[in-house]
Every structure is written in C-alpha cells, then in structure tokens.
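Chain identifiers are assigned alphabetically (A, B, ...) following the order of the sequence lines, protein sequences preceding nucleic acid strands; residue numbering begins at 1 within each chain.
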There are 2 protein chains.
Amino acid sequence: MVKGNHMRAVTIDDVAKKAGVSIKTVSRVVNREPNVRAATKEKVEAAIKELNYRPNQSARGLAARRSYMIGLLYDNPSPNYLANLQSGVLEACHEKDYGLALNPVSFHDPDLVETVVHWVRQSSIDGVILTPPLTDSIPLLEALSQQNIPSAVISSRGTGDAPAALIDEEEAAYEMTRHLIISGHRDIAFIKGHPDHYASGLREKGFLRAMESEGVPVAPGFMEQGYFDFASGQEAASRLLDLPKRPTAIFASNDDMAAAVIFEAHSRKIDVPGELAVAGFDDTPLSRQIWPGLTTVRQPIRAMGHQAAGLVLDTLAAGKGADEERKDVIQVDFELMIRGSTATSR
Amino acid sequence: MVKGNHMRAVTIDDVAKKAGVSIKTVSRVVNREPNVRAATKEKVEAAIKELNYRPNQSARGLAARRSYMIGLLYDNPSPNYLANLQSGVLEACHEKDYGLALNPVSFHDPDLVETVVHWVRQSSIDGVILTPPLTDSIPLLEALSQQNIPSAVISSRGTGDAPAALIDEEEAAYEMTRHLIISGHRDIAFIKGHPDHYASGLREKGFLRAMESEGVPVAPGFMEQGYFDFASGQEAASRLLDLPKRPTAIFASNDDMAAAVIFEAHSRKIDVPGELAVAGFDDTPLSRQIWPGLTTVRQPIRAMGHQAAGLVLDTLAAGKGADEERKDVIQVDFELMIRGSTATSR
DNA sequence: ATGCAATGTGACAGCGCTGTCAACAAAGCA
DNA sequence: TGCTTTGTTGACAGCGCTGTCACATTGCAT
C-alpha cells in the first residue's frame, strides 16, 4: 500500500530558480507578455525546455480567473460530423495549450440559454464554439454576446456578430443542382434539411435558384421535407419514388438522407445511377462507403473546426473579452465530389 | 469598451455564510465526507441549491492536487466508435461532476508511455480510460499501474490488472460464424482485424472454433488480413472475390470492412445476399445505412464507455489511488443483428 | 553629463478551495 | 461523577499561478 511516489511536478518556482529570475518573469514568458528582454526570455525558455515544464492549469485558472478551456456546444450531431469537427478543434486547442470541454445540449431545451451561461460561468470556460443548429439560436447568441463570452460559430446563419467559419452553402447547392441539370436531368427532386438549421434554407435556395436560372421547373411533390437523419430521408425517398412520375434525380440536403435514398432505390430494384441519380451534401465517410459512391459537396469540417477554435482563441489572446466588434467570417472552399451515384453512363 | 459585468460567481464563502457554517463544513458536504450531522448537511445543501452553487474546479484542483478530470486516450478510432464511446463516458462524468479531457495519441509513437504519463502528471488528470489498441500496450498499462494512475480499459485483452468493460469477442464471432453455417454456407471466408488489436485475435479464434466445431473446413486463401478500415477491407474483398472458387459468405472483423465487401460485390454485380452473404462486427450506424442492411454483432459501445468511466470514478472515490488490486471486469452482452446481408431467400 | 520617459523585473497579495490539526460537544464507560 | 472515546466543527495555511504596483535599468534628447 505504498502511497505512490507522486514525485512533485515541476512548478514555476523550479523554472525561476534554474533560470535565475523571478517567477513573475517566467510567467511573462509563458504567457507571451511583452516587456521581457530577449536574453532573459531565452534563458527562461531554455529552463522550461530542460525541466519539461508545463504550467499547472488549475493554478493558472484560479489566479487568472479563467480556465484555459474553451467549450464545444453541440446538439446531437452525426458522429462523423462531431468526430471531424472535434479533431480540428482539438488540434487548434493543443497548439495554444488550451483545453476543450464538451457540452452536449438540446436545442429545444427551454432553459438552453441559462444552462449554457451558467455552465460557462461556473466552469470559467473562456469561450465557446457553437455548432448548428445552436448557431441559429438568436437568444443564445445574444446572451453570449451580452455576457461577454467570446464565441465562434460553425456554418452559422451569418447573422449575429460572432465570428464564423462557414462555406457558401447556397452556392454549393446551386452548383450541385447545375451538375445534375447539365448531366441531363430535368425531373429533379429535393429533400430539405432540418428546419431548425438555417443552412437548410440556404441549400434549398441554391437548389431553387439553379432550377430557375436554367429554366427547369420543379414538379409538384418534388420538394420533400427531411430532418437530416437516415429515417426521414428514407420516408421522403419512399414518397418520391412512389410518385406516378418519379424523379430521375434526387438531391438530398445531406449525406445521411442521400444514403437513405439509395437504400430505398436498391430495395425497389431501381438502378442508381441508371434510373435515378442521387446527390448528397457533406462528404461524410459514408458517401464513400456505400455503393455506388455518393456524389456530394465536400465541406472541410475538420478545417472549419480548427478555424473556429482559432477565432475564439484569437479573441481571447487579443482583447481578453469579446468587446471589440470583430465580425470575422472565414469562408472556406467547398468542393463538388462527383462519384458513381450521378454517373451518366450512356 | 465596458469590461463586462462579470458578476462574481458564487463561492464557497457565500454558501457558508448563508448556511451559517464554516467553509470547511460546506466543503465536507460537497465532497460527501463523513462526520457531518444530518441537520447541518441539510442546511448546507439548501444553501447550495438556493445559490445554485457549483465549486470552482480550478480552485478545487489546485488545493486538492487533482483536476477532477479523467482522460480519454484513443488512437484514430472510427468516428462512430469515438462519438458513441465519448457520449457514454461524458454522461458518467457528468453524473459525478467530473470533466473529460481528450487525448488522441499514436499507438506506434515510441514515446507513447512518456507522453501519456507526462500529460497525466502535468494536467493532474485523475484517471484515464484506454481504448483499443492502446489497451493492448503492456508497457503503457504497466506504467499507469506503477505510477499509480487509476485507469480502465475498454474491450481489453483482459490481461493486465486494470478494470475493464468488454464483451466476449470470441463468443460473438463464434456465434456469428455459426449463424452463417446454419444458413447453409460452407465456403466462408474471414477478414481479420488490425493485428495491433488484441480483439482481432479473439474474433479470429471464435471464427475458427465455430468452423472446426461444425466440421466446416476453411478453404486455402479464405483468411485475409485487414486493418479495420474500408480500404483494407476493399483490398481483401477484391482478392477473395477474384478467387477461382470464391466464398459464398464473408465474415469481416468489423463493419467498415464488411461495407467494403458489399461495395466490391456491388461493383462486380455480385448479388448480396443471393450470391454472397456478408457479416460484420460492431453495429455502427453504417450497418443500417448501406444496402442491404448489414448483419453484424452489436457491441453497446456507449454503455461500455459509461461503465469504464464508472470504474475509474469509483476507484477515485474509493481509495483515492489505484492501490488495492481491484480487478473488476464488467462483461456486457453482445447481440447478433441479423439483417439483409445474410438473408437466406430461396 | 543630466533628466525623463520607456522598458524590464521582482515582491507580494490573493484567486477558491482542501488538508491538517486543534477545539469543542456528545456519548460511552467505569 | 469524572474520564476517555468518538463525532462534529472551524481556523488557518498554502496549492501554483497571475495581477498590481513599485522599483531598477535602459535609451535618448538635451
């Protein structure tokens, strides 16, 4: 029952002693504060490296009244989305020696705002990243802004003054629709995304704009409501494929629903892409793992996560507050991934 | 440029004042320490509730020399696996007011042990959860044990003395194989899992045991090496389906590889399950999203994450150290999910 | 040289909590 | 009844760091 020789971790004092300076100077170097002479800085950095010193987060957090953590808020996203995003965010955090706290919440929770604000306060979370559909909750955005909590949103509605990392959803949907039209389709159906997500509207708008600009009418019954999950996609597909004159192409607002369309087509022995072309949105791994490969819009989720975290961390580094109305919007490029599900054979 | 009316969060002093006791007593109640009179405890709890008090983690961490965080170590798992597991772990952490720190590492990193130990020390992580294949790194397990860092493993090799949450991998593979045999197959091929994972061996063993006990020989060339990812599954499937006398059933060691088999079959116009039955392992969402639905073994990953976190937190609560050789192993039930990919039609 | 701002550095308090230990109350025992 | 034992509570130090502010040093113009 040896009580573990918990050899004391190296502290700022050790570093200060070794470098022959005061702990405050070490603190300055660690926190990249100005007004440290280059020579001093080097000495300290050498000592840090030699002792392999890493500041104690609890002590830092207590003294500075912050946690050196940012929060990631999400509501039941697809595992692929979450894993990718998280990986990007984590990377950015790691670079800046920040921690990441996860907080799964519910968009429809009536106490959402209070829950989040209280969580941030009591954990001294320094900033938060919001993912859809939370990015579209005006009350939440307002509360965060008003409470002076630095935040960034992923793929937001673009409204609100939080910095954002996003793609041009409408343009992406527009181009995908054009791809279908150019491939020769005219009977194109669309499965809408979850109405809670602002992006759903943008994707729909892009679709409609392409149809209109190309002079292709949208047949009655060709706009179906979906909710971004497989089951809703399946239902929508089922209705579309039961239509007396069914579409020759279906554009679903995300990959899960597109996969469901292909699933339904398969089980009705409808050939994809021969009799039905299918397109999705997101480029999740799923799109490469089903057959035929799913044509979709690639969103660099991981990169967006990284960017968004960067935005929050920059805000933190800069003003130590979300005061100055920085309205950064990082728009990253999407890419059409053309795969088998829209292949035009003949 | 208002400096944010960061209304001071409620502290232990506020609670103590309101309850008319010393802060130490509040601390006792919060930490469920013994020797507090019931009446006192109630007073304190009332005050806590009324003020909506939650202890400051940084202060707690600093004073108690621990972080009230556990770490989740993983090496590039599938997004589905990670998301599920994490969700379970997070839930358990939440219940006990613990935080979760994520740490993606690399199994093949030569400094793995040092990296992990140092991370745990410097972040004062209180305990860790390991996921495959890290669970199979003897040096890592030994280091954690020797350094007295409470840990639990998910689906471990069962060796080592860390508590574990696992399923009977071999039995699951055995039963799945029997399912294929009973369905009338005799030409059954097997795609092995990543050799770094101990579970791969168990699944293979279960397969072989079933074949042997049913007196079904394994044809030459019917054991293929895979690495748990789609690409490797695709290569293995490709080789198997190119065989002069190809299998009528393929059992892949996980869903990603099984999906790849189905993909390959589709692209060669081989009917699944008519000409080729396919079985996987894990029951990821993918298995329901491809066509035909994938027969697979359901592992309750989320529940296992919850359990594993519970094991670590219990250790923490109990001995405040990993001293007493607790060798808990929670074995959870698996379930055969029979879907279209092994349907026996005729 | 001399003065004065700009720059660099350190002493020290204290962040909110837990561990230690001492004080005191209640209960058990002879 | 006095004494020990056990249970309950509080005073206080200090965890490792940052913020504040005072002081030391430098650069530059005079």
Side-chain angles (χ1 to χ4, degrees), chain A residues 3 6 8-17 19-44 47-48 51 53-69 97 99 121-124 126 316-317 320-321, chain B residues 3 6-44 47-48 51 53-69 97 99 121-124 126 316-317 320-321:
Chain A
K3 189 57 194 137
H6 275 227
R8 205 176 48 73
V10 340
T11 74
I12 200 172
D13 296 280
D14 301 325
V15 178
K17 205 166 301 164
V21 298
S22 76
I23 59 168
K24 182 63 221 189
T25 298
V26 177
S27 172
R28 286 198 180 89
V29 172
V30 169
N31 294 292
R32 291 174 177 68
E33 282 173 34
N35 301 339
V36 180
R37 204 181 307 164
T40 314
K41 191 170 164 187
E42 271 170 37
K43 270 194 305 186
V44 173
I48 288 176
L51 295 174
Y53 167 75
R54 303 254 285 117
N56 177 309
Q57 295 303 310
S58 294
R60 237 146 96 97
L62 180 58
R65 245 148 271 138
R66 44 210 201 100
S67 62
Y68 291 88
M69 291 242 216
D97 273 324
R121 280 273 163 275
Q122 288 289 358
S123 333
S124 339
D126 297 342
L316 255 26
K320 311 211 166 189
Chain B
K3 188 60 196 131
H6 275 226
M7 53 203 163
R8 206 175 46 73
V10 337
T11 74
I12 199 172
D13 296 279
D14 302 325
V15 178
K17 206 167 299 165
K18 167 144 271 166
V21 298
S22 77
I23 60 168
K24 181 65 219 188
T25 299
V26 177
S27 172
R28 286 199 179 89
V29 172
V30 169
N31 294 293
R32 291 172 177 68
E33 282 173 35
N35 300 340
V36 179
R37 205 180 307 162
T40 314
K41 190 170 163 186
E42 270 170 36
K43 269 194 307 187
V44 172
I48 287 176
L51 295 174
Y53 166 74
R54 305 253 285 117
N56 176 310
Q57 295 304 310
S58 294
R60 238 148 96 99
L62 181 58
R65 248 156 250 114
R66 45 212 203 99
S67 62
Y68 291 89
M69 292 242 215
D97 273 324
R121 281 275 162 271
Q122 287 289 358
S123 334
S124 341
D126 297 344
L316 255 26
K320 310 211 167 191

* When you check the phosphate oxygens OP1 and OP2 of dG16(C), does a side-chain N or O of Y53(B) lie under 4.0 Å from one of them? ->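 So the side chain of Y53(B) is outside the cut-off, no N or O lying under 4.0 Å from OP1 or OP2 of dG16(C).
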* Asked: Does dT18(C) have OP1 or OP2 sitting under 4.0 Å from an N or O in the side chain of S27(B)?
  ->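 Yes, within the criterion.
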* Asked: Within a reach of under 6.0 Å around NZ of K43(A), are more than 12 heavy atoms found that belong to other residues, nucleotides or ligands?
  ->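 Yes, NZ of K43(A) has more than 12 neighbouring heavy atoms, counting only those of other groups under 6.0 Å.
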Atom [atom1] of [X] to atom [atom2] of [N]: distance rounded to whole Å?
X	N	atom1	atom2	result
L62(A)	dT18(C)	CG	P	12 Å
R65(B)	dG16(D)	CZ	P	6 Å
E33(B)	dC17(C)	CD	C1'	12 Å
R32(A)	dT18(D)	CZ	C1'	16 Å
R54(B)	dC17(C)	CZ	P	12 Å
R121(A)	dG16(C)	CZ	P	14 Å
N31(A)	dG16(D)	CG	P	17 Å
I12(B)	dG19(C)	CD1	C1'	13 Å

* B/S/- contact track for nucleotides 4-13 of chain C, protein heavy atom under 4.0 Å -> ----SBBB--
* Has the side chain of S67(A) got a donor or acceptor atom that lies under 3.5 Å from a matching backbone atom of S124(A)? ->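 A pair under 3.5 Å: yes.
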* To do: Check each of V10(B), V44(B), L51(B) against K18(B) using the side chain to side chain contact (heavy atoms under 4.5 Å, CB included) test, and report the only one that passes.
  =>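 Among V10(B), V44(B), L51(B), the one meeting side chain to side chain contact (heavy atoms under 4.5 Å, CB included) with K18(B) is L51(B).
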* With respect to V30(B), which candidate in I12(B), T25(B), I48(B) satisfies the side chain to side chain contact (heavy atoms under 4.5 Å, CB included) definition? ->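 Single side chain to side chain contact (heavy atoms under 4.5 Å, CB included) partner of V30(B) among I12(B), T25(B), I48(B): I48(B).
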* Between dC17(C), dG19(C), dC17(D), spot the one nearest the side chain of A63(B), thanks. =>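 Within the option list, the nearest is dC17(C).
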* Is there side-chain contact between N56(B) and T11(B), with at least one heavy-atom pair below 4.5 Å? ->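 They are not in contact (no side-chain heavy atoms under 4.5 Å apart), so the answer is no.
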* Asked: Can you check whether Q57(A) reaches M69(B) side chain to side chain, under 4.5 Å on heavy atoms?
  ->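 With C-beta onward as the side chain, the pair stays apart.
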* **Nearest heavy-atom neighbours spanning S22(A) and A16(A)** =>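 Minimum heavy-atom separation between S22(A) and A16(A): C-CB, 3.8 Å.
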